There are 2 protein chains.
Amino acid sequence: MRLTLQDYISIKIHQTDLHLTGYIKGKLEEFNLAPEQNLIMMLLWEKDGLTQNQISQKLQKDKTNIARMASNLEGKGFIYRSHCDNDRRAIRLYLTPNGKALGDKVIPIAEEFNDVVVKGITVKELVQFEKTLIKISKNVDCLLK
Amino acid sequence: MRLTLQDYISIKIHQTDLHLTGYIKGKLEEFNLAPEQNLIMMLLWEKDGLTQNQISQKLQKDKTNIARMASNLEGKGFIYRSHCDNDRRAIRLYLTPNGKALGDKVIPIAEEFNDVVVKGITVKELVQFEKTLIKISKNVDCLLK
DNA sequence: ATTTCATAGTTGGTGTAACAACTATTCATG
DNA sequence: CATGAATAGTTGTTACACCAACTATGAAAT
């Protein structure tokens with residue numbers, strides 16, 4: 001029996017992800033911050049001065065994406081980049097005063113966003129959901145070895 | 001208490017989606033077919049001659065994306081485009097012999113992909129997972145009104 | 001110390017997504 | 001049937017995601 005597109009769980013996940021991204025994109029628009037750029041900022045608000053490589057690992061993103069997003073954030077005046085003294089290859093990202101100030105406005109929005117997302121979902125349900133997500137991730141990760 | 005990035009369910013969904021996309025991308029590479037292009041092909045293998053607008057609705061994608069992907073698929077020789085006789089605005093997509101032949105090879109891979117994704121997950125667990133996904137989608141959809 | 005390998009980052013290219021502005025056709029209404 | 005609204009598609013722009021190929025720097029090994 002042939003599957004229709006709607007039978008593929010991967011497609012449902014993909015479409016949900018697009019909904020989520022679209023939603024948060026709208027929320028962040030007024031701050032001139034794109035969703036993935038915001039993730040870098042979230043890391044820096046937590047710990048300033050991370051290298052691009054550290055950010056790349058934490059966000060599980062390609063280093064090329066981080067480089068371009070960092071360049072973009074620098075252009076917007078939220079961060080500046082400076083070569084690391086110990087290792088001249090590495091570049092550390094530091095918040096500008098503007099970037100620091102932005103956190104006070106954006107962090108509450110991020111937390112409120114999460115509240116909206118999980119509304120009407122019990123803790124138990126969410127935990128089970130995350131378990132299934134992890135199973136799915138692991139099922140396809142085996143390719144990478 | 002401040003959330004770390006890993007506490008955001010949306011980020012977990014996003015990263016799982018990226019894993020899935022990366023996996024299927026690898027599987028389809030040898031056929032010169034990108035993941036989202038494949039979705040259009042899946043629809044056409046099911047029912048040939050759909051308009052771009054119909055495809056756009058079925059895939060819940062922006063019409064601009066469909067237009068460009070269709071143009072791409074035409075360039076690869078898998079489909080051809082032809083203005084609809086009843087409505088000169090609309091463009092129908094038709095499989096070429098090459099495109100038809102591709103289905104015999106790719107459809108089994110798509111179904112095998114789904115098998116891999118849901119491996120070790122019970123039907124009950126999957127149903128619950130989908131319910132939660134829908135809840136999450138609905139929670140952010142309210143913005144659109 | 002020199003060669004070699006590994007690591008951090010950049011650049012170029014392709015493939016999605018989403019939005020705005022545009023053309024061309026069709027429909028709806030007076 | 002003429003005008004305006006709606007619809008189908010295209011083009012341009014921005015932001016990711018990923019790959020390959022590149023530079024620069026650092027580390028390891030003989």
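Model, not experiment: these values are computed from the prediction. In the text below, chain A, chain B and the rest are named by the order of the sequence lines, each starting its count at 1. The basis for the numbers below is simple: all heavy atoms, side chains too, and nothing from hydrogens, waters or symmetry mates.
dA17(C) atom C1' lies 13 Å from atom CG of Leu18(B), rounded to whole Å. Per the geometry, CD1 belonging to Ile91(B) stands 12 Å off C1' belonging to dT23(C), to the nearest Å. Taking atom CG of residue Asn65(A) and atom P of nucleotide dG13(C), one finds them 17 Å apart after rounding to whole Å. In this entry the distance linking NE2 of His19(A) with P of dA17(C) reads 12 Å, nearest Å. As a whole-Å value, the separation of Arg89(B) CZ from dC27(C) P is 6 Å. Rounded to whole Å, atom C1' of dA17(C) lies 14 Å from atom CD of Glu29(A). One can place CD1 of Ile66(B) at 13 Å from C1' of dA18(C), the figure rounded to the nearest angstrom. Protein atom CD of Gln52(B) is 14 Å distant from nucleotide atom C1' of dA24(C), rounded to whole Å.
Note that the two end axes of the helix from dA1(C)-dT30(D) to dG30(C)-dC1(D) enclose an angle of 10°, each drawn from 5 base pairs, rounded to 10 degrees.
Within 4.0 Å of Thr51(B), counting heavy atoms only, lie sugar-phosphate atoms of the nucleic acid but no base atom. Contact annotation for His14(B): backbone-only contact, meaning every heavy-atom pair under 4.0 Å involves sugar-phosphate atoms and none involves a base. Nucleic acid contact for Arg92(B): none, since no nucleic acid atom lies under 4.0 Å from a heavy atom of the residue. At the heavy-atom level, Asn86(B) lies under 4.0 Å from the strands shown only through sugar-phosphate atoms.
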Inset, instruction - Test salt bridge (charged side-chain N to carboxylate O under 4.0 Å, His left out) on Lys135(A) and Glu125(B) and set out the steps. - result: CA-CA 11 Å; Lys135(A) 276 190 196 174; Glu125(B) 181 178 353; 2.9 Å; yes
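With rounding to the nearest 0.5 angstrom, the NZ atom of Lys76(A) is 3.5 Å from the CD atom of Gln37(A). Once rounded to the nearest 0.5 Å, the distance linking CG of Leu44(B) with CE of Met42(B) reads 11.0 Å. Interatomic distance, Phe113(B) CZ to Ile24(B) CD1, rounded to the nearest 0.5 Å: 4.5 Å. If you take CG on Leu93(B) and CZ on Arg81(B), they are separated by 7.0 Å, rounding to the nearest 0.5 Å.
When each of Asn72(A) and Thr64(B) is assigned the nucleotide of DNA chain D bearing its nearest heavy atom, the one mapping closer to the 5' terminus is Thr64(B). Mapping Asp87(A) and Arg68(A) onto DNA chain D via the closest heavy atom, the residue that lands nearer the 5' end is Arg68(A). Along DNA chain C, the nucleotide closest to Met69(B) and the one closest to Asp62(A) are compared, and the more 5′ of them pairs with Asp62(A).
Shortest non-hydrogen contact noted between Met41(B) and Phe78(B) is CE-CB, 3.7 Å.
With a heavy-atom cut-off of 4.0 Å to chain B, the contacted part of DNA chain D has its first and last nucleotide at dA6(D) to dC18(D).
Of the N and O atoms on the side chains of Gln128(A) and Gln128(B), not one donor lies less than 3.5 Å from an acceptor on the other residue. Side-chain atoms of Asp62(A) and Thr64(A) include a donor-acceptor pair closer than 3.5 Å.
By the criterion of side-chain heavy atoms lying less than 4.5 angstrom apart, applied directly or through intervening Ile, Leu, Val, Met, Phe, Trp or Tyr residues, Ile134(B) is not grouped with Leu126(A); the two fall into different hydrophobic clusters.
Residues Leu50(B) and Lys58(B) are in side-chain contact: their nearest non-hydrogen atoms beyond the backbone lie under 4.5 Å apart.
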